[in-house]
Amino acid sequence: MIIGIPKEIKNNENRVGMTPAGVFALKKNNHIVYVQSTAGEGSGFSDKDYTDVGAIILPTIEEVYAESEMIVKVKE
């Protein structure tokens, strides 16, 4: 499956839909994971943290949505 993790756009929402550990688990099961650039910064995760576990960083939310079969977001 192709999974996308966009940056949250709601005001004062600093969480991210998935941590690098979650991405690692998905990659271990042969999924493709796209993460929007800077999506994890509010939670203390850099783009490098995600690429180190196999995620592909995309620059825009539009690209994440266009490439993904499933989107992982935060629900308040």
A.B. asks: By side-chain contact (heavy atoms from CB on, under 4.5 Å), which residues pair with K48, not counting sequence neighbours?
C.D. replies: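 Partners of K48 by the side-chain contact (heavy atoms from CB on, under 4.5 Å) criterion, ordered by chain and then number, come out as S46, T51, D52.
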A.B. asks: Report the hydrophobic cluster partners of L26, with the cluster defined as I, L, V, M, F, W, Y residues connected by side-chain heavy atoms closer than 4.5 angstrom, directly or transitively.
C.D. replies: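 The other cluster members (ILVMFWY side chains, heavy atoms under 4.5 Å, direct or chained) are M1, I3, I5, V16, M18, V23, F24, V33, V35, F45, Y50, V53, I57, M70, V72.
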A.B. asks: I need the E8 CD to I61 CD1 distance, nearest 0.5 Å.
C.D. replies: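 Those atoms lie 8.0 Å apart.
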A.B. asks: Can you sort out the partners of E41 under side chain to side chain donor-acceptor pair (under 3.5 Å), two or more places apart, ordered by chain and number?
C.D. replies: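 None.
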A.B. asks: With side-chain hydrogen bond (donor to acceptor under 3.5 Å, both in side chains) as the rule and sequence neighbours excluded, what pairs involving residues 20-37 come up?
C.D. replies: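 Those involving residues 20-37 are S37-D47.
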A.B. asks: Sorted by first residue and then second, give each salt bridge (Lys or Arg N to Asp or Glu O under 4.0 Å) pair with at least one member in residues 57-67; sequence neighbours left out.
C.D. replies: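 For residues 57-67: none.
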A.B. asks: Check side chain to side chain donor-acceptor pair (under 3.5 Å) between S43 and all other residues, then give those that pass, not counting sequence neighbours.
C.D. replies: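 Scan of S43 (side chain to side chain donor-acceptor pair (under 3.5 Å), adjacent residues dropped) gives none.
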A.B. asks: Report the residues that fulfil salt bridge (charged side-chain N to carboxylate O under 4.0 Å, His left out) with K10, sequence neighbours left out, ordered by chain and then residue number.
C.D. replies: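 Result, salt bridge (charged side-chain N to carboxylate O under 4.0 Å, His left out) vs K10: E76.
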A.B. asks: Only counting residues at least two apart or in another chain, list the ones meeting side chain to side chain donor-acceptor pair (under 3.5 Å) with E13.
C.D. replies: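 Counting only residues at least two positions away or on another chain, E13 forms a side chain to side chain donor-acceptor pair (under 3.5 Å) with R15.
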